Amino acid sequence: MKIINVVGARPNLMKIAPLMSAYKDYPAVKPLLVHTGQHYDERMSDLFFRQLAIPQPDLNLEVGSGSHALQTAGIMKAFEPVVVEHQPDAVLVVGDVNSTIACGLVSVKLGVKLVHVEAGLRSFDRTMPEEINRVLTDAISNLLFVTEASGRKNLLSEGVDESKIFMVGNVMIDTLTQNKAKADESKILEELKLEDIAYAALTMHRPSNVDDPSVLGRILDALEVIQRDMPIIFPVHPRTRKHLDGPALSDRVKTMGNLRILDPIGYLDFLKLMSSARLVLTDSGGIQEETTILKVPCITLRENTERPVTVEMGSNHIVGTDPQEILAAYRRVISGSRGKCKVPQLWDGKAAQRIVKIMAEEI
Ligand code: UD1
């Protein structure tokens, strides 16, 4: 059985890593790995391959950046001949990035079965590019692997046949579980002189938060107050970097001495940074999940989440981008204690094994 596995952007890499490893228990399955090249910087891609021991891609389509239409179309044009040449039994896509829908669409149009890992998540906010990618990918998938109960419910209400849906846990948490001990050895806290002090870790890259200087400026209003209390460690996504360096905000950022802006960092250093943080501020989807397992309070700088289980478990606080709301949540979080949240069902480090077993039976 031949399965083409697709990665494109940074958050795909921690999802594919445990799957590539789980295939090793199934000698009859031949996995191929295709990188679309949506992300291409060393620190957005290669570093993660090395740290997570992901095999080198069999093929890199080198599509790179562009508008949504150019990027999605570019991936489709480059991926179609790959599917035609290799004639796989299935194509597996993960997450919700442009590479996910682009490769999904190519596969089903060629009559190849599509497997979606991390299916069913819904923010119900169609202004998010990822929400469109999720809804469309799920609509054309043959096997849908969900991470939380809301995923199953959403798919059923969209008319997906129950027999295609499997609740398997969370491959991103497999990677976290497998790498936690290694991450504990990271020297990032010593390098940043953060040992034994309370600090916040921050990530931000959603277009709705970073592309408009007035929105980003309002988030900075809150960060300005927080950084007076404790350092904020901010590894910056390339998209965000462009806007922080722009004329509207660069002078302001320079005045915030405790907002410590870094280049993107690797998986192990970031896991260590999150694990020891007093709190995390983020607009990422995956980090909402990782902080749940790490039992670190997470303030989510979005109006909604497609991962409601992280709120139900008690770690995640959805606050949006209003500075007063962010600060109110911050004060609530630092006056409470860490480590009081629960663990979602099946987030036990074995999701990839379940997925590969089901694929071997179903395809
Ligand atoms: C993409 C995903 C998003 C995911 C995020 C994680 C889509 C629609 N969005 O957003 O869901 O959360 O990845 O990072 O697929 N750039 C570089 N180097 C790189 C990659 C990108 O400098 O290696 C810069 C380019 O200027 C590019 C911009 O970042 O134009 C945005 O990259 P893109 O892949 O379009 O989207 P992300 O914002 O990274």
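Order of appearance sets the numbers: ligands from 1, and atoms from 1 within every ligand. What's counted below: heavy atoms across the whole structure, side chains too, no hydrogens, waters or symmetry copies. FYI, the numbering just counts along the sequence from 1. Bear in mind the structure is a predicted one, so any value in this text is a computation, not a measurement.
Inspection of the Asp96 and Asn133 side chains reveals no N or O donor paired with an N or O acceptor under 3.5 Å.
Here the CZ-CG distance, from Arg134 to Leu155, works out to 12.0 Å after rounding to the nearest 0.5 Å.
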Quick one: do Thr137 and Val93 satisfy side-chain contact (heavy atoms from CB on, under 4.5 Å)? Show the steps, please. CA-CA 9 Å; Thr137 305; Val93 294; 4.0 Å; yes
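Near Pro11, meaning under 4.0 Å from one of its heavy atoms, ligand 1 places the atoms 6 (C). Applying the 4.0 Å criterion to heavy atoms of Gln71 picks out, from ligand 1, the atoms 34 (O), 35 (O). Short contacts between ligand 1 and Met44, defined as distances under 4.0 Å to a heavy atom of the residue, involve ligand atoms 23 (O). Near His68, with a cut-off below 4.0 Å to any heavy atom, the atoms of ligand 1 are 8 (C).
Closest to atom 36 (O) of ligand 1, if we only count protein heavy atoms, is Arg239 NH2, 3.9 Å. Considering only non-hydrogen protein atoms, atom 11 (O) of ligand 1 sits nearest to Glu130 OE2, 2.5 Å. Atom 26 (O) of ligand 1 has its closest protein heavy atom at Lys242 NZ, 2.7 Å. The protein heavy atom nearest to atom 25 (C) of ligand 1 is Ser65 OG, 3.3 Å. Protein heavy atom in closest approach to atom 22 (O) of ligand 1: Pro238 CB, 3.2 Å. With hydrogens left out, the protein atom closest to atom 20 (C) of ligand 1 is His39 CD2, 3.3 Å, a heavy atom.
You'll find the ring centres of His35 and Tyr40 outside the 6.0 Å limit.
Residue contacts with ligand 1: Asn133 is placed with no nitrogen or oxygen under 3.5 Å of a nitrogen or oxygen of the ligand (distance criterion only). Taking any N or O of Arg10, backbone or side chain, none lies under 3.5 Å from an N or O belonging to ligand 1.
No donor-acceptor distance shorter than 3.5 angstrom exists from the side chain of Glu289 to the backbone of Thr310, with no hydrogens or angles considered. With Ser141 contributing its side chain and Leu144 its backbone, the two residues share no donor-acceptor pair below 3.5 Å. Remark: side-chain polar atoms of Glu325 are not paired, donor with acceptor, to backbone N or O of Thr321 under 3.5 angstrom.
The shortest separation from a heavy atom of Arg43 to ligand 1 is not under 4.0 Å, leaving the residue out of contact.
When non-hydrogen atoms are compared, ligand 1 lies under 4.0 Å from neither the backbone nor the side chain of Ser99.
A side-chain contact (heavy atoms from CB on, under 4.5 Å) with Ile287 holds for exactly one of Leu294, Thr203, Leu281, Asn316; it is Thr203.
Aromatic ring orientation, His205 versus His237: parallel (interplanar angle below 30°, classes split at 30° and 60°).
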